Amino acid sequence: MSATSWDEIVREHRPILLIKPDVLVFYPSVGDSSTEKQVLSDSKTFFVNAVAHELFSPLSAVMGLLELAKEGDRVQENLAKMERHLNRMQRILEQLILLSKIEQENYQPYFRKIDLEQVIKEVIHEYEQRIAQKRISLSLEKISVMIEADEEALKIVLRNLISNAVKYANEASRVEIKRCWDLLLVRDEGLGIPEQELKNVTARFYRAKNVRSISGSGLGLAIVKHILRRLNITWAIHSKLNVGTTVFLELAGVDE
């Protein structure tokens, strides 16, 4: 996308009060239609569902591969597969533990000044292999900003957004990360999200119909929503089917 196109999107959706719901879905930094009590109650059911849906499958796979390894059948290959499944389970548990902490009424983020560009580079490094496999051109424009945030929590947000951008981008396409004024933008050229489903994509376990054949838990954007609400960061999603998705994060109180 050209610089002009970026500017057009930002101008169209800035200030935030002018956002058009049919074009862009905006997620406020404070509250939603649920009360805090309802959110906490719902989280109990969420953990039961999360364990059932997201841990049972890889655990079953590991048990089956373990039996094959015991029989001496392609031991190294099966061990490598088990490691991948166990790593997936570890990532899910880490996300659930963080979400559990964030949803508690007494949760207090650890705010400190961090170099946003450095944090983004560290996250990108984690996905270099996947980026290379899909022949994606990932560009990170100079951010040059220090922000006050909880680094652990913000990294989880960035991992989800960058991972999604890479996962749903087309082969040999572009993923761009840049700053426009007080907004951080993460954009991919890929599958996009059907307009009528945009409002649902932050619900736990929800996955748009056009991506259900692609591996994923449906937890990522739900976690992003909860973290950003706790960090008082406003965000929005702009998406067009078969064109791509742009996520906007508002960087309040940025320091050059």
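It should be emphasised that the depicted structure is a prediction, and the values quoted were computed from it without experimental measurement. Side chains included, hydrogens not; waters and symmetry mates left out as well; all remaining heavy atoms used.
Taking both residues in full, the closest heavy atoms of Ile136 and Ala169 are given as CD1-CB, 3.9 Å, listed atom of the first, atom of the second, then distance. Closest non-hydrogen pair, Leu185 versus Cys180, comes out as CD1-CB, 4.1 Å. Here the shortest heavy-atom pairing between Trp235 and Leu249 reads CB-CD2, 3.5 Å. Considering every non-hydrogen atom in both Val186 and Ala165, the closest pair reads CG1-CB, 4.2 Å. Ile233 approaches Glu250 most closely through the heavy-atom pair CG2-O, 3.4 Å. Of all the heavy atoms in Leu140 and Lys121, the pair that sits closest is CD2-CG, 3.6 Å.
A donor-acceptor contact shorter than 3.5 Å is absent between the side chain of Asp182 and the backbone of Leu251. Looking only at distances, a side-chain donor or acceptor of Ser239 sits under 3.5 Å from a matching main-chain atom of Gly244. Checked by atom type and distance alone, the side chain of Glu189 pairs as donor or acceptor with a backbone atom of Arg174 at under 3.5 Å. Between the Asn170 side chain and the Ser173 main chain, no donor and acceptor come within less than 3.5 Å of each other.
Val243 is not connected to Val166 by any chain of hydrophobic side-chain contacts under 4.5 Å among Ile, Leu, Val, Met, Phe, Trp and Tyr, and they are in different clusters.
The distance from the CD1 atom of Ile143 to the CD atom of Glu141 is 7.5 Å, given to the nearest 0.5 Å. One distance of note links NZ of Lys240 with CG of Leu191; it measures 15.0 Å at 0.5 Å rounding. With rounding to the nearest 0.5 angstrom, the CG atom of Asn232 is 12.5 Å from the CD atom of Glu148. The distance from atom CG of Leu154 to atom CG of Leu231, rounded to the nearest 0.5 Å, is 7.0 Å. Leu228 contributes atom CG, which lies 11.5 Å from atom CD1 of Ile223 (distance to the nearest 0.5 angstrom). Here the CG-CD distance, from Asp150 to Gln108, works out to 11.0 Å after rounding to the nearest 0.5 Å.
Gln133 CD: more than 12 foreign heavy atoms inside a 6.0 Å radius. Counting heavy-atom neighbours within 6.0 Å of Glu171 CD, excluding the residue itself, gives a total above 12.
Judged purely by distance below 3.5 Å, without hydrogens or angles, the side chains of Ser144 and Arg179 never pair a donor atom with an acceptor atom.
Looking at heavy atoms from C-beta onward, Tyr110 lies out of side-chain contact with Glu152 at the 4.5 angstrom threshold. For the pair Asn164/Thr245, no side-chain contact is recorded, criterion being any heavy-atom separation below 4.5 Å from C-beta on. Here the side chains of Tyr127 and Leu138 are not in contact, with every heavy-atom distance at 4.5 Å or above.
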Between Glu126 and Ser163, is a side chain to side chain contact (heavy atoms under 4.5 Å, CB included) present by the stated rule, with each step listed? CA-CA 9 Å; Glu126 298 175 18; Ser163 173; over 6 Å; no
Derivation and outcome, side chain to side chain contact (heavy atoms under 4.5 Å, CB included), residues Ile131 and Val175: CA-CA 9 Å; Ile131 290 167; Val175 169; over 6 Å; no
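For Arg112, the side chain to side chain donor-acceptor pair (under 3.5 Å) partners are Glu151, not counting sequence neighbours. Under the side chain to side chain donor-acceptor pair (under 3.5 Å) criterion, Lys155 pairs with Glu122, sequence neighbours left out.
Residue Leu221 is tested with Ile237, Asn160, Val247 for a side chain to side chain contact (heavy atoms under 4.5 Å, CB included); the sole match is Ile237.
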